[in-house]
Structure formats: structure tokens, C-alpha cells
Amino acid sequence: MSEMIPEISVVLPVYNEAENLQSLHDNLCGVLNGLGRWYEIIYCDDGSTDGSPAKLRELASGNPAVRVLLLRRNFGQTAAIRAGVDHARGDIVVLMDADLQNDPADIPNLLERLDEGYDIVSGWRRKRQDPFFTKVLPSKIANWLISRISGVKLHDHGCTLKAYRRDVLSGISLYGEMHRFISIYGHWIGARVGEVEVRHHPRQGGKSKYSLSKSMKVFLDIPVLVLLGRFLTRPVHFFGAIGMGFNFAGLICAFFVLYEKLTEVDAKAHRNPLLLLAIFFSLVGIQIIMIGLLAELMTRVYHESQNKKIYVVRERINLPDGSENEKKR
Ligand code: UDP
Ligand code: MG
């Protein structure tokens, strides 16, 4: 089997999940064997300090379809996912948590939906089995906001259980804790994103790695999302619009001061607080426009230093890979 290129790669980030690994693995193998397609399972251990690495070694021994990556320290779930995806060989990549909260029994549904012509199929934990105030409520608010801002209408952006076409997934760079937004990045590069309902179980063994304060970081990721999504190739429009808004407000204030000066005989402009406001708004406006110009320079460095394109190709027909020409230039 190791000689065969698998069709499906299941990637699981693992951080201190020793208690869950055996039953997870048994369930997963049961489901995948029933599919009748070549598969591989990639466990990426994210610097666990419990018995997880030893357990993973045991699961992999004598089974080449099980591949294990041990990271040197805890880099976080996003990094663990990225590492696993970098080693995936299948055309289809399924991501899921290794804590048995996601259920492998949903994988066939995801794959079926993918076969209908989607590039990304996202799980929706409709009956989510997590604490209400620390997980479910913040996640509901975040999902609503993210769906509105990104234009990708999903009920559950945070669900790890998702199936992807690998070419879509490997074109997306991930930082921080942005694995929750892969479907959005996918949508931006033209992927078709679908959704299916999936099961969700309460955590039985081990502990959750995300406290409320950690979940709140999602809200800081949202402005980053806006900036990256809408303005990466034209930041001066983003900053410029805000700056011009300030300048306009400054102009209106200045106009009132001038009007008073011209119409009232003993008007004293320096006693009018609007004069200060006019100066303040104008300076802030100019500053913000300047930041936009700097950001323009930076996006050029971003795109050109890494040879990033401002477009994404789905398929080439009778055309060699464009990168050949790039090299010759
Ligand atoms: N995880 C990881 N590295 C981390 C934190 C979490 O690989 O630094 C893994 C963890 O083992 C699990 C998945 O990410 O498989 C989701 O974590 P968790 O279940 O704690 O999140 P929750 O479901 O509580 O949001
Ligand atoms: Mg969990």
C-alpha cells in the first residue's frame, strides 16, 4: 500500500490526546476501509507531553498507511495542520480533530459532497456539544460576523472536520490560528465551498486546549481577514477612503469657521473649537493616506519578493506551466 499513491489523506493534529487515540484510530480505520479507496492517515503530533507520541508510533508500526509527524515543540493547531498537509499525497485531504469530538463516520458524506463538484466541503456541528458561554456563544457571534464580512456563508467556520481538494489547500498560506478561515481563503481563490451537517460529541478524554480568552482571538483575526481579503492588492483604496473621510470632516469644520469669520463682525476664529477639530481631522486624514501609500509599497514587496501572482489558475489546457516563462525572463 505504501507504493500506491493514496487518493485520500486524512490529516489530524494531535496535542496531548493519548487517551483518545486508540478508539479514534479504530473508528477512523473502520470508516476508511469501508470506502474502498486508497487512503493514508497522517497524525501530526504537536509537541505532546503525554503518551501521544509513543501511542502514534505503536499505531504506525507495521501499517504504512499510517504516517506520523512529530513536531519538536508545541507550534499550535494551525502549524500542525499545515505540517500534515505539506506531507499529504492524496488529491483529497480531510482534516479533523484527534479528540473524538469530530466523528469519522461523517467522512463519507463529506466526500460525497466533494464529488458533486465542490472544492471544499465544511462540516457544520449543528448540535455542538461544548460549553455554551465559553465556546458556543462566541462561536455563533464570530460565525455570523465572519460570514458577513467574507461573503462565505457557513454556519460553522470553526469546525475542523472539512474535506478539501489538495490543490486548493496547498495554495493557501496559514499563520497564527487562521486554520478556521481556510474555506474563506479558498473562496477568494475561486474554490467552490459547500457545507454538510456533521455529528459532534462531548470531549471524553483529555482537555480542551482553548480557553475563552483564546477563543476571543478570533475577533482580532477578523480585521486581518478584511485587510487580506479585500485590500491586499490595493491597500491605498482602503486607507485612502478612511483618510479622505477625515479630510472631508476637517474641511466641513474649516468651512464653518470661515463662514462665521466672514459673516459675523467680531468673530474670533481662534476661539472656535471647530478650528482645532479642522486641523486635527486634516492631519489624521493625511497620515492615514500616507500609511496607505506605504502599505502599497509593502504589498508590492509581498507579491514580488515571493513571486506571488495576483491570479490563480484552475487548469491549463495545451499550455505549459506559466512558471517556466517566469524562470526564463
Ligand atoms: N491541537 C493541536 N495543537 C494545539 C492545540 C490543539 O494540535 O496547540 C489539536 C488537539 O489535539 C485537537 C485539535 O487540535 O485534535 C482541537 O483542539 P481542542 O479539541 O482542544 O479544541 P476545541 O475542540 O476544544 O475547540
Ligand atoms: Mg475538541
Taking the six-membered ring of Phe75, is NZ or CZ of Arg73 closer than 6.0 Å to its centre and within 45° of its axis? yes
[X] side chain to [Y] backbone, donor-acceptor under 3.5 Å:
X      : Y      : answer
Glu296 : Val236 : yes
Arg166 : Ala88  : yes
Ser282 : Asn247 : no
Asp106 : Arg199 : yes
Lys209 : Tyr15  : yes
His187 : Ser183 : no
Asn74  : Gly47  : no
Ser48  : Pro53  : no

Are any non-hydrogen side-chain atoms of [X] and [Y] less than 4.5 angstrom apart?
X      : Y      : value
Tyr185 : Leu228 : yes
Leu21  : Glu58  : no
Ile288 : Val284 : yes
Cys159 : Asn102 : yes
Asn27  : Leu100 : yes
His200 : Asp156 : no
Arg57  : Leu70  : yes
Val218 : Phe181 : yes

Which pair of non-hydrogen atoms, one from [X] and one from [Y], has the smallest distance, and what is that distance?
X      : Y      : result
Ala83  : Leu71  : CB-CD2, 4.1 Å
Gly76  : Asp46  : N-OD2, 2.9 Å
Ser52  : Asp45  : CB-OD1, 3.7 Å
Gly250 : Ala278 : O-CB, 3.5 Å
Thr299 : Pro235 : CG2-CG, 3.7 Å
Leu28  : Leu12  : CD2-CD1, 3.9 Å

[X], [atom1]: over 12 other non-hydrogen atoms inside 6.0 angstrom:
X      : atom1 : result
Phe219 : CZ    : yes
His87  : NE2   : no
Lys153 : NZ    : yes
Gln287 : CD    : no

Option from Lys127, His155, Arg126, Arg125 for which side-chain hydrogen bond (donor to acceptor under 3.5 Å, both in side chains) with Glu197 holds: Arg126
For Cys29 and Ile41: C-alpha separation, side-chain torsions, deciding distance, then whether side-chain contact (heavy atoms from CB on, under 4.5 Å) applies. CA-CA 9 Å; Cys29 287; Ile41 303 175; 4.0 Å; yes
Output, in order, the C-alpha distance, side-chain angles, deciding distance and verdict of side-chain contact (heavy atoms from CB on, under 4.5 Å) for Thr233 and His303. CA-CA 9 Å; Thr233 53; His303 281 100; 3.8 Å; yes
Following the transitive rule for hydrophobic clusters with a side-chain heavy-atom cut-off under 4.5 Å over Ile, Leu, Val, Met, Phe, Trp and Tyr, establish whether [X] and [Y] coincide in one cluster.
X      : Y      : answer
Val94  : Trp124 : no
Leu251 : Phe281 : no
Leu227 : Val224 : yes
Ile149 : Phe239 : yes
Leu283 : Leu294 : no

Hey, can you tell me if Tyr43 and His25 have their rings parallel, tilted or perpendicular (30° and 60° cut-offs)? tilted
Take Leu110 and Val196 through the test side-chain contact (heavy atoms from CB on, under 4.5 Å) and record every step on the way to the result. CA-CA 7 Å; Leu110 292 175; Val196 289; 3.2 Å; yes
Regarding [X] and [Y], does a basic nitrogen lie under 4.0 Å from an acidic carboxylate oxygen?
X      : Y      : answer
Asp130 : Arg128 : yes
Arg203 : Glu17  : yes
Asp86  : Arg82  : yes

Intermediate values then yes/no, side chain to side chain donor-acceptor pair (under 3.5 Å), Glu40 and Ser9: CA-CA 5 Å; Glu40 64 178 357; Ser9 303; 2.6 Å; yes
Any side-chain donor near an acceptor of the partner, His157 and Ser147, under 3.5 Å: yes
If we ignore angles and hydrogens, is there a donor and acceptor under 3.5 Å between the side chains of Tyr210 and Gln77? yes
Enter the distance from [X]:[atom1] to [Y]:[atom2] here, rounded to the nearest 0.5 Å.
X      : Y      : atom1 : atom2 : result
Lys217 : Met178 : NZ    : CE    : 13.0 Å
Ile189 : Ile172 : CD1   : CD1   : 4.5 Å
Asp266 : Lys261 : CG    : NZ    : 9.5 Å

Show, in sequence, the C-alpha distance, side-chain angles and deciding distance for Ser23 and Gln204, and conclude whether the side-chain contact (heavy atoms from CB on, under 4.5 Å) test is met. CA-CA 11 Å; Ser23 35; Gln204 302 287 344; over 6 Å; no
When you look at Thr160 and Asp97, which way does the side chain to side chain donor-acceptor pair (under 3.5 Å) test go after all the steps? CA-CA 6 Å; Thr160 315; Asp97 286 346; 2.8 Å; yes
Identify which one of Val10, Leu161, Ile182 satisfies the side chain to side chain contact (heavy atoms under 4.5 Å, CB included) criterion when paired with Leu95. Ile182
